[in-house]
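This report refers to the structure that appears directly beneath it.
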There are 2 protein chains.
Amino acid sequence: MAWNTAETKRRLKESAVAEFAAHGPGGTTMERIARRAGVNKERLYTYFGDKSQLFATVLADELNKVAAAVPLEHLDGPEAVAAYAAAVYDYHAEHPELTRLLLWEGLLDLPEVPDEETRTDYYRTKVAAFARAQRANLISDDLPAADLAFLILALAGWWYAVPQMARMMHADEPATPDTARAGLMRAAMKLAAPKA
Amino acid sequence: MAWNTAETKRRLKESAVAEFAAHGPGGTTMERIARRAGVNKERLYTYFGDKSQLFATVLADELNKVAAAVPLEHLDGPEAVAAYAAAVYDYHAEHPELTRLLLWEGLLDLPEVPDEETRTDYYRTKVAAFARAQRANLISDDLPAADLAFLILALAGWWYAVPQMARMMHADEPATPDTARAGLMRAAMKLAAPKA
DNA sequence: GTGAATTCCAACCCAAACGTTGGAGTTGGA
DNA sequence: TCCAACTCCAACGTTTGGGTTGGAATTCAC
């Protein structure tokens with residue numbers, strides 16, 4: 001059988017993403033990552049360095065995707081903000097591993113984050129879109145653009161950050177993904193609505 | 001020196017809360033918990049069972065506090081909702097360990113949570129307060145009460161869940177705890193404002 | 001084709017951490 | 001006062017898991 005280093009690396013990283021997302025940096029073992037990829041453990045060390053380096057690599061590569069995800073060029077009103085919030089919500093649903101990596105990164109509370117520059121730039125473009133819409137009087141400007149953008153993401157992300165709280169708060173009338181999504185859109189719209 | 005089992009237990013649990021909150025279940029060692037408490041490791045096992053039992057105990061005891069925290073009897077309008085949001089935000093700031101435990105619990109994604117009954121009841125009272133205010137036409141009723149309450153908590157908690165994202169999104173105009181708090185209150189008020 | 005460099009793995013080393021044990025000190029009741 | 005029960009700890013056994021090594025299979029340059 002021929003060597004295929006690119007494929008081996010890919011498999012290892014894919015496996016690392018899954019394991020780190022599922023169990024966090026502390027709960028993950030190099031052994032398991034390698035086994036899941038069907039590759040010898042030693043490959044991890046030669047390709048990616050030790051465990052913490054591997055974790056940093058995974059964070060940098062994957063969370064860049066999160067920051068870049070869900071394109072946002074033009075916001076022409078509160079409805080567009082609601083649609084954006086819904087798209088972020090859907091993105092979380094489709095990529096639970098990335099959401100979990102993001103939360104785990106938050107818990108590490110590093111003074112600086114892998115690839116902070118690039119990711120900051122991505123977020124900057126989102127904030128800029130909100131700021132433009134504010135200047136054009138298309139959406140409310142009583143919150144700083146960065147706050148507004150951040151809080152929209154909060155509405156979408158909180159469901160995934162504390163699913164147990166979501167379950168307990170909705171004990172009497174269980175929330176489905178659809179009702180959650182609808183409520184989220186309505187809330188986003190209200191946050192973005194310009195004063196009458 | 002006289003024995004003092006109650007005090008020993010208290011010290012151990014306090015220490016466990018701090019360690020688990022800081023490093024998560026995976027990153028915490030029984031050794032460190034015991035050392036921090038100035039007690040022998042073996043005490044942990046006789047008093048609390050193994051590591052996972054200890055973690056479950058800590059979660060149950062401490063997260064009950066979170067659910068019960070920030071009293072909320074009567075909401076007489078959007079301003080009261082904003083004040084509640086701010087109080088929750090302040091609570092997170094004062095008890096970062098509990099916030100972190102909550103997030104860690106969320107990441108474990110257990111099918112059931114320690115002490116789920118009791119905690120559900122606490123959350124139920126919060127939702128009920130929102131529902132009462134809605135029926136009295138004091139706040140907006142275009143969102144289900146549970147959704148509204150949950151999203152208010154989202155606004156307050158997201159800052160602590162993903163501090164790195166907060167930092168990156170506010171790169172150009174750094175947010176202080178005060179500006180964050182002010183923005184949060186404004187947002188909460190808008191979510192709760194009845195339609196004109 | 002041959003040898004140097006590369007990819008891969010089984011087996012190993014060792015430190016860390018979980019959990020236990022045997023025994024010494026302390027208490028309280030009969 | 002004596003002993004049964006309890007509190008505590010130092011030291012230990014064992015497993016897990018991070019990281020390495022020696023060597024076999026493969027590739028590629030010449």
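When reading the values below, keep in mind they use all heavy atoms of this one structure, side chains included, and skip hydrogens, waters and symmetry mates. Residue numbering restarts at 1 for every chain, and letters A, B, ... go by the order of the sequence lines.
- Rounded to an integer number of Å, the gap from Glu31(B) CD to dC9(D) P is 13 Å.
- Distance Arg35(A) CZ to dG18(D) P: 12 Å, rounded to the nearest Å.
- The CE atom of Met30(B) sits 16 Å away from the C1' atom of dC9(D) (whole-angstrom rounding).
- The shortest heavy-atom contact between Met168(B) and Val113(A) is CE-CG1, 4.3 Å.
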Distances under 3.5 Å between nitrogen or oxygen atoms of protein and nucleotides 13-16 of chain C:
none

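- Rounded to the nearest 0.5 Å, atoms CE (Met30(A)) and CD (Glu19(A)) are 11.5 Å apart.
- Contact check of residues 4-28 of chain B against DNA chain C (heavy atom, cut-off under 4.0 Å) returns Thr28(B).
- Looking only at distances, no side-chain donor or acceptor of Glu94(B) sits under 3.5 Å from a matching main-chain atom of Tyr91(B).
- Listed by residue number, the members of residues 42-49 of chain B with any heavy atom below 4.0 angstrom from DNA chain C are Glu42(B), Tyr45(B).
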For residues 66-82 of chain B, tabulate all N or O donor-acceptor pairs below 3.5 Å that involve a side-chain atom, not counting sequence neighbours.
none

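- Arg119(B) forms no cation-pi arrangement with Tyr122(B), by the criterion of a distance under 6.0 Å to the ring centre and an angle within 45° of the ring axis.
- In this structure, Lys41(B) atom NZ and dC12(D) atom P are separated by 13 Å, rounded to whole Å.
- When rounded to the nearest whole Å, the span between CG of Asn40(A) and C1' of dA25(D) equals 14 Å.
- Put simply, CZ on Arg32(B) is 16 Å from C1' on dC18(C), counting in whole angstrom units.
- Taking the side chain of Lys51(B) as heavy atoms from C-beta on, and the options dC9(C), dG19(D), dG19(C), the nearest nucleotide is dG19(C).
- Of the residues listed (Phe48(B), Phe55(B), Trp104(B)), the one engaging Phe20(B) in a ring pair (Phe, Tyr, Trp, His ring centres under 6.0 Å) is Phe55(B), and it is the only one.
- Taking all atoms of both residues into account, the shortest heavy-atom contact from Ile33(A) to Ser15(A) is O-OG, 2.7 Å.
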Please set out all donor-acceptor pairs under 3.5 angstrom arising from side-chain atoms of residues 141-158 of chain A, sequence neighbours excluded.
residue	atom	partner	partner atom	Å
Asp142(A)	OD1	Ser140(A)	OG	2.4
Asp142(A)	OD1	Lys190(B)	NZ	3.2
Asp147(A)	OD1	His170(B)	NE2	2.6

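- Side chains of His92(A) and Thr99(A): a donor on one and an acceptor on the other come within 3.5 Å.
- Not counting sequence neighbours, the partners of Glu116(A) by the salt bridge (charged side-chain N to carboxylate O under 4.0 Å, His left out) test are Arg167(B).
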